[in-house]
Protein chains: 2
Amino acid sequence: MRNNSFDNVPESIVGRLASYHRCLKNAASTGQTVIKSSDISKLCGIKATVVRKDLTHFGEFGIKGKGYNIITLSSNIEEIMGLNTEKKVILIGAGNLGTALLKYPGFSGANFKFLAAFDIGAEIIGTSINSVPILHIDKLGAFLKSNEVQIAILTVPSQEAETIASQLHNCSIKGILNFTSAILKSDDGKFYIRNIDLSKELEVISFCMKKCLKNKEEK
Amino acid sequence: MRNNSFDNVPESIVGRLASYHRCLKNAASTGQTVIKSSDISKLCGIKATVVRKDLTHFGEFGIKGKGYNIITLSSNIEEIMGLNTEKKVILIGAGNLGTALLKYPGFSGANFKFLAAFDIGAEIIGTSINSVPILHIDKLGAFLKSNEVQIAILTVPSQEAETIASQLHNCSIKGILNFTSAILKSDDGKFYIRNIDLSKELEVISFCMKKCLKNKEEK
DNA sequence: TAATGTATGTGAAAGTTATCACTTTCACTT
DNA sequence: AAGTGAAAGTGATAACTTTCACATACATTA
């Protein structure tokens with residue numbers, strides 16, 4: 001019943017898989033060996049039936065009446081998500097957000113290797129953040145030629161996003177994580193682009209708060 | 001046909017409304033007065049039929065054969081999302097991510113007013129970032145008593161998220177934007193919590209890249 | 001003022017995703 | 001070794017979202 005192709009996996013499931021993965025890593029670090037879908041549910045804030053449905057989409061990883069072996073499930077998820085091979089990452093724009101991401105504890109645990117960060121600020125070129133060297137943006141092209149980078153993270157000012165993105169063609173980069181508010185489009189479909197708009201979150205919370213309060217009044 | 005209650009609005013629509021809003025703000029700043037759904041589509045990367053369907057959920061804002069009046073549509077979206085009244089915001093944890101958010105250009109444009117940021121770092125207490133004063137976390141309780149804060153943004157280390165969140169009860173706060181990898185739950189339903197996990201994004205992109213490449217090979 | 005082009009709005013259908021009740025299987029107990 | 005409890009897996013159903021084809025109405029032009 002195991003599905004080895006993983007075609008047509010909805011993004012909703014993928015996002016949750018990432019949550020399960022972190023949750024399993026945390027559980028593993030406490031010495032726990034088995035975990036129930038109801039435990040994952042509590043830890044991730046996702047219903048247990050959804051957890052099970054998601055996992056059965058890829059295979060049968062559990063032991064009925066007992067739960068899931070944490071190590072086994074974790075490595076299965078890693079395989080599914082492509083986390084079992086190291087991904088080489090660069091970051092472009094070492095401002096506050098960029099620096100925050102370089103220091104983010106979650107990244108190192110998931111087989112992502114930051115090779116370098118790029119910026120234009122003379123005072124930081126040559127230094128390093130969390131052992132990742134900061135290079136001048138002028139060196140980007142040459143760096144991409146001599147290194148097999150798979151992912152680029154964009155944390156430059158929005159108005160520069162397009163220009164920088166155009167420099168990422170014709171190299172080994174397959175994915176772009178765009179934290180600028182510019183919407184980048186993968187015109188030729190050569191890479192996968194993920195746009196993340198942080199300021200959107202505040203607007204969404206504004207609406208949801210309004211809704212929450214209204215619903216409460218009605219009750 | 002106008003729906004004034006806005007109950008049961010799917011979150012998918014809310015997220016897109018925020019995108020439309022930014023897009024309209026940008027368009028307005030160029031002096032443009034009318035915009036078509038196909039224009040919004042290009043700018044936001046969302047299909048024109050979806051744009052129209054989303055908007056009709058709340059009313060009829062367009063002029064057939066012409067498009068949408070930017071000012072009118074923008075203020076309608078602001079009303080729908082609760083952006084027409086100023087929201088008072090505090091930020092807890094003025095590290096790199098916190099600083100990045102305080103400096104984020106998108107926030108100020110959407111009627112969010114940062115009153116203060118809180119931290120424990122002696123060297124930054126008393127200073128300010130982007131005109132937002134940094135106070136010691138010890139002052140949080142008193143501050144919340146004397147200020148009508150609606151939203152708290154959490155950018156503290158994950159292990160401290162729970163502790164800090166527990167201090168936000170019994171005050172005017174209605175929404176929490178949680179950037180730590182801890183999953184906070186609104187146990188009593190008193191506020192709306194939005195968990196944002198940045199490291200999840202890298203894992204998701206890892207899977208999607210894998211899928212993209214596979215699909216390409218098949219073609 | 002009538003005709004025409006254009007873009008919105010609408011309702012049904014298709015496609016996704018989540019839910020629920022139920023079955024299956026394993027491990028543990030006695 | 002049989003029985004019991006507990007949790008995974010399953011398939012049908014329901015709920016939600018997106019898509020599509022088409023109807024509608026506005027504005028502009030002749």
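Quick note: numbers below take in every heavy atom, side chains included, and nothing from hydrogens, waters or symmetry partners. Lettering of chains follows the sequences in order, A, B, ..., and the numbering in each one begins at 1. Bear in mind that the values here come from a model prediction, so they are computed numbers and not experimental data.
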Exercise: identify the closest heavy-atom pair between A:Ala161 and A:Thr180: CB-OG1, 3.4 Å
If you draw a 6.0 Å radius around CD in A:Glu162, do more than 12 non-hydrogen atoms from other residues or ligands fall strictly inside? no
Check the distance between D:dT17's P and B:Glu11's CD and give it to me in whole angstrom. 10 Å
Are A:Asn111 and A:Lys87 close enough that some pair of their side-chain heavy atoms sits under 4.5 Å apart? no
If you check every side-chain atom of A:Thr56, which of D:dG9, C:dA7, C:dT10 has the closest atom? D:dG9
Among the nucleotides D:dG9, D:dA25, C:dT17, whichever has the atom closest to the side chain of A:Lys64 is D:dG9
Rounded interatomic separation in angstrom, taking CG from A:Asn69 and P from D:dA7: 16 Å
Side-chain N,O (B:Arg52) to OP1/OP2 (C:dT8) below 4.0 Å: yes
note: B:His57, atom NE2; D:dC16, atom P; distance rounded to Å ~ 11 Å
Closer to the 5' end of DNA chain C via nearest nucleotide, is it B:Gly65 or B:Tyr68? B:Gly65
Using the side-chain heavy atoms of B:Glu60, tell me which of these nucleotides is nearest: D:dT17, C:dA18, C:dG9. C:dG9
Nearest 0.5 angstrom please: A:Ile153 CD1 to A:Ile196 CD1, how far? 8.5 Å
Return the orientation label for the A:His169 and A:Phe191 ring planes: parallel under 30°, perpendicular over 60°, tilted otherwise. tilted
Under 4.0 Å between a side-chain N or O of B:Lys47 and OP1 or OP2 of D:dT19? yes
Measuring from atom CZ of A:Arg194 to atom CD1 of A:Ile151, what distance do you get when rounded to the nearest 0.5 angstrom? 11.5 Å
Contact check, residues 13-45 of chain A vs DNA chain D, heavy-atom distance under 4.0 Å, returns A:Lys36, A:Ser37
Nearest whole Å is fine: how far is C:dG9 P from B:Lys66 NZ? 14 Å
CD of A:Glu148: more than 12 outside heavy atoms within 6.0 angstrom? no
So, does the side chain of B:Lys53 form a donor-acceptor pair with the base of C:dT10 at under 3.5 Å? no
